[in-house]
Amino acid sequence: MSVQPRKLLKGETGDWEVVVGLEVHAQVISKAKLFSGASAAYGAGPNENVSMVDAAMPGMLPVINRFCVEQAVRTGLGLNAKINLWSRFDRKNYFYPDLPQGYQISQYKDPIVGEGEIEVELDGGETIVVGIERLHLEQDAGKSIHDLSPKESYVDLNRAGVALMEIVSRPDMRSADEAAAYFSKLRTILRYLGTCDGNMEEGSMRADVNVSVRRPGEPFGTRTETKNINSIRYVKQAVEYEARRQIAVLESGGEIEQETRLFNVATGETRPMRSKEDAHDYRYFPDPDLLPLELDPEWVERIRNSLPELPDAKKHRFIRDYGLSAYDAAVLAADRARADYFEAVAKGRDGKLAANWVTTELFGALNRAGREIEATPVAAERLGALIDLIAEGVISGRIAKDVFAVMFETGEDPAKIVEERGLKQVTDAGAIEKVVDEIIAANPAQVEQVKAKPKTFGWFVGQVMKATAGKANPQAVNDILKRKLGLE
Amino acid sequence: MNDIADLTLAALRDALKAKKVSSLEATQAYLANIEKAKALNAFITVTPDKAREMAKASDARLAKGEGGPLEGVPLGIKDLFCTEGAPTTAGSRILDGFRPPYESSVTANLWRDGAVMLGKLNMDEFAMGSSNETSYYGPVVNPWRKKGGNSDLTPGGSSGGSSAAVAARLCAAATATDTGGSIRQPASLTGTVGVKPTYGRCSRWGIVAFASSLDQAGPIARDVRDAAIMLRSMAGCDPKDSTAVDRPVPDYEAALARSPKGLRIGVPKEYRVEGMPEEIERIWAQGVDWLKDAGCEIVEISLPLTKYALPVYYIVAPAEASSNLARYDGVRYGFRAKEYKDLLSMYEETRAQGFGDEVKRRILIGTYVLSAGYYDAYYLRAQKVRKRIFDEFVEAFGRVDLILTPSTPSAAFALGEKTADPVQMYLNDVFTVTANLAGLPGASVPAGLDRDGLPLGLQLLARPFDEETMFTGMAALEKAAGFKARPEPWWG
């Protein structure tokens with residue numbers, strides 16, 4: 001990738017480029033865990049979802065959950081990645097009380113998914129491509145709880161053995177915004193695919209953020225890894241902090257240590273967790289309890305054929321079929337439910353107008369009400385009907401906003417609201433002319449002024465709308481005013 | 001001794017079916033023998049109440065003319081098999097007080113077929129050992145003694161409790177497991193029949209793991225027929241074990257009646273070690289003659305990679321063990337050190353006090369060979385050699401149907417004789433580990449006595465999942481050997 005000067009960070013001694021790669025752990029949507037039949041559901045009481053296998057009782061053996069494999073393949077396909085028909089599980093050995101087996105079953109040398117790439121839209125309309133290095137399946141660990149008792153720690157094994165996908169990106173991101181946008185886009189894709197719910201507050205998606213800095217054009221610098229970041233905002237903060245910290249260290253003549261760091265959500269800072277010297281020797285080796293995973297190419301093809309339309313494809317289709325801007329198309333395509341809502345509104349109508357109403361009015365109102373699209377009080381057909389009323393000239397765009405506000409309160413049919421509240425637009429030229437005449441007669445000074453300064457024309461429009469309670473057809477008001485004021 | 005306990009499993013089974021004896025009578029007879037044989041230390045746990053209860057249930061089924069292939073037959077279970085509600089120790093202190101809330105698939109198969117559990121048999125700690133001396137519960141003593149001698153000998157290991165209990169008539173037959181020879185070596189040293197089936201033939205689910213890619217369950221029994229009956233009940237596919245193979249279980253007993261005529265028997269010249277007693281050479285040659293006389297064709301073969309088998313085994317098995325035994329951390333079950341100051345010292349103290357020396361030695365070796373920087377030189381290279389050993393067997397089995405070797409390089413040795421030198425101890429497995437590395441079925445059949453009056457066994461190896469041909473060969477050896485010797489019951 002070429003160096004983009006506007007993304008460079010200014011230091012005391014010159015420009016720096018930040019390089020970011022993400023390792024994202026995404027919990028697989030599945031009823032059961034990766035190697036045991038125990039429930040993978042969130043929110044159960046402590047140690048309620050623990051099988052003998054999860055608790056690593058003597059003689060227990062893992063058996064691969066076919067559905068989790070299918071989910072990993074589906075995700076790999078959604079990331080435009082190579083599906084490895086032969087992969088293998090390895091043991092990653094270390095001791096910790098929330099790791100009952102004393103090893104995590106993961107995939108080390110032979111992951112189920114190889115290289116891929118995704119498009120990521122940035123706020124300014126730019127699109128970058130981020131490479132995916134690999135995706136592998138592994139078990140989650142349990143949870144250690146240290147704050148229930150002053151002397152003891154507690155362990156909850158509900159998560160132990162839950163299936164995770166670790167998705168490793170290439171170091172292709174060059175700013176905190178790019179890293180945040182990639183994380184967000186990945187979440188969108190996983191949610192589309194139905195392979196991860198993306199609920200970050202429940203820990204369904206977490207990122208380890210690898211950051212290094214270098215002078216433009218130089219080789220990669222030494223990186224640090226900041227672990228377990230669970231929001232898009234924190235990813236951005238962590239990259240910003242790490243980049244600034246590393247630049248400061250280097251500019252003061254220091255060296256960056258390859259180390260693992262922790263992110264403090266309260267301060268937005270990172271601090272060292274362990275250095276390279278303390279790094280574990282995980283003693284990876286193939287898990288002899290499991291056979292290599294061999295996939296039938298036809299099965300993979302069946303999964304490929306069952307994939308939903310993905311956000312990039314949807315975005316491109318929205319631009320093509322509805323004439324939307326790339327930005328609007330990306331905003332709408334970012335969430336499957338929102339995209340579906342938009343399509344229901346736009347069908348057979350002006351796509352741009354529909355996009356405007358959905359992204360500005362509806363999303364704005366939902367945001368203020370703290371609601372998700374699934375809980376919208378305004379059904380797509382009703383918003384469509386409102387747009388139809390505007391297109392048919394029954395109400396003006398301005399009145400429509402008032403009608404929409406009522407709809408958002410009551411969920412009622414817009415035609416009914418317009419009828420009951422007498423909001424129908426006045427298009428009768430005679431009635432408008434009468435109001436215009438009255439206003440011209442009452443404001444001779446303004447009439448003089450508008451001839452010299454045509455910009456004050458808007459004042460007249462405002463007066464007419466005020467007098468008609470906003471119901472006058474704005475186009476008709478314009479035409480009649482211009483004619484009567486002699487501005488044509 | 002009493003008459004019922006003298007019946008072979010097959011004979012007891014028939015007598016039970018014919019209602020000549022009851023399961024309760026047989027069970028009481030064995031419990032009485034166990035009570036008298038405390039000096040052998042063959043059992044870690046005896047479960048008399050459970051045994052009588054199961055026997056009564058069997059008798060009820062037999063009375064109705066119902067019941068499975070092992071209905072009412074009392075068995076001993078190696079303490080590596082998890083048995084629901086009954087202590088399961090793996091011969092280790094670290095599993096102190098552990099009572100599994102589940103039943104291993106192999107023992108569940110046996111109970112399904114009507115067998116009765118007498119108790120849990122002693123063994124080397126975590127099946128690591130060849131003399132039963134690594135057991136936290138003390139060594140098992142071989143019922144056999146040298147002619148005129150009275151020193152205690154090893155019953156072999158790790159399934160020493162199983163071999164001793166079968167040889168001393170403390171159960172009709174026993175389960176055992178074999179990771180590098182732990183069924184065949186103890187069988188050879190006690191004049192019993194031991195069968196390690198093909199890897200994947202029996203489920204490993206619920207068997208405390210030693211080395212997952214090598215561990216396999218099998219029977220130790222008084223004769224070949226009993227072993228065939230046992231294996232048929234123990235074997236079978238299991239969706240809970242990904243390495244258990246989904247193939248029908250043949251009627252191994254039926255294979256005994258097949259003619260060995262025309263079978264090609266491979267005799268590998270490499271199955272010799274320095275200092276191997278001449279008597280073992282002699283009994284091996286005798287075995288060759290017996291099979292020749294039975295109409296088999298003898299083929300000289302070469303398995304040159306055999307000399308690498310033991311080093312490969314002592315890399316692969318400890319590597320897997322070091323990981324498999326990580327779960328014994330004192331957190332969830334079993335033993336936990338009484339005094340510790342933090343998490344790390346809890347782990348260290350628990351494992352230091354909970355594991356014996358041999359287990360620690362193997363965890364150290366295994367940890368070392370998997371470490372960064374050593375993995376390629378040891379573990380990876382060992383796996384490559386292992387693959388070549390397998391290939392060598394595949395090639396050999398293109399020319400022969402069975403391979404005949406001695407089971408062990410020596411007869412039973414004295415307790416304490418080899419404990420000071422682990423390598424001398426490891427050499428016990430020199431003829432048996434190849435079958436584990438290659439996943440092949442192997443069996444030991446008693447062939448005769450040495451000049452001290454101690455039993456010696458011969459080993460047969462077969463193609464993967466061709467246990468039937470192996471049983472045909474075993475029956476031929478057994479018939480020719482006519483081995484009828486029994487240990488003098490000095491223990492009570």
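In what follows, chains carry the letters A, B, and so on, assigned in the order in which the sequence lines appear, proteins first and then strands, with residues in each chain numbered from 1.
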Go through the atoms of [X] and report whether side chain, backbone, both or neither lie under 4.5 Å from a heavy atom of chain A.
| X | value |
| --- | --- |
| B:Asn324 | both |
| B:Phe81 | neither |
| B:Arg332 | side chain |
| B:Thr367 | both |
| B:Tyr199 | side chain |
| B:Ala319 | backbone |

May I have the step-by-step check of side-chain contact (heavy atoms from CB on, under 4.5 Å) for A:Asp289 and B:Thr243, ending in yes or no?
CA-CA 7 Å; A:Asp289 286 333; B:Thr243 62; 5.8 Å; no
Measure the OG-CG distance between A:Ser153 and B:Asp342 for me, rounded to the nearest 0.5 Å.
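One gets 11.0 Å once the value is rounded to the nearest 0.5 Å.
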As an exercise, state the distance from CG of A:Leu61 to CZ of B:Arg204, rounded to the nearest 0.5 Å.
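Going from CG on A:Leu61 over to CZ on B:Arg204, the span is 5.0 Å.
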A:Ala55, A:Pro62, A:Pro100: which one forms the most heavy-atom pairs within less than 4.5 Å of chain B?
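Counting heavy-atom pairs under 4.5 Å, the top option is A:Pro100.
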Does [atom1] belonging to [X] count more than 12 external heavy atoms closer than 6.0 Å?
| X | atom1 | result |
| --- | --- | --- |
| B:Phe390 | CZ | no |
| A:Tyr108 | OH | no |
| A:Lys143 | NZ | no |

Residue A:Tyr284 versus chain B: region with a heavy atom under 4.5 Å
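A:Tyr284 touches chain B through backbone heavy atoms alone.
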Measure distances from A:Met57 to the heavy atoms of chain B and classify the residue's part below 4.5 Å as side chain, backbone, both or neither.
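Looking at A:Met57, backbone and side chain both touch chain B.
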Hey, which residues of residues 370-388 of chain B are touching chain A, say heavy atoms under 4.5 Å apart?
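So the qualifying residues are B:Leu370, B:Ser371, B:Ala372, B:Tyr375, B:Tyr379.
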Using a 4.5 angstrom heavy-atom cutoff, name the option from B:Ile207, B:Leu214, B:Thr88 with the most pairs to chain A.
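The answer is B:Ile207.
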Who wins among B:Val331, B:Val369, B:Leu343 for the most heavy-atom pairs under 4.5 Å with chain A?
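If we count pairs closer than 4.5 Å to chain A, B:Leu343 comes out on top.
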So do the side chains of A:Pro97 and B:Tyr347 get within less than 4.5 Å of each other, counting heavy atoms only?
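Side chain of A:Pro97 against side chain of B:Tyr347, heavy atoms only: contact under 4.5 Å found.
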For residues B:Pro239 and A:Val63, report the shortest heavy-atom separation together with the two atoms involved.
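Closest approach of B:Pro239 to A:Val63, heavy atoms only: O-CG2, 3.4 Å.
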For a quick test of reading the model, state the closest non-hydrogen atom pair linking A:Pro58 to B:Leu95 and the distance between them.
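Looking at all heavy atoms of both residues, the shortest contact is CG-CD2, 4.0 Å.
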Might you work through the side-chain contact (heavy atoms from CB on, under 4.5 Å) test for B:Arg351 and A:Phe95, ending with a clear yes or no?
CA-CA 12 Å; B:Arg351 289 167 67 85; A:Phe95 283 93; 3.6 Å; yes
Could you pull out all residues at least two apart from B:Ser323 that satisfy side chain to side chain contact (heavy atoms under 4.5 Å, CB included)?
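Expected list: A:Arg91, A:Asn93, A:Tyr103, A:Phe285.
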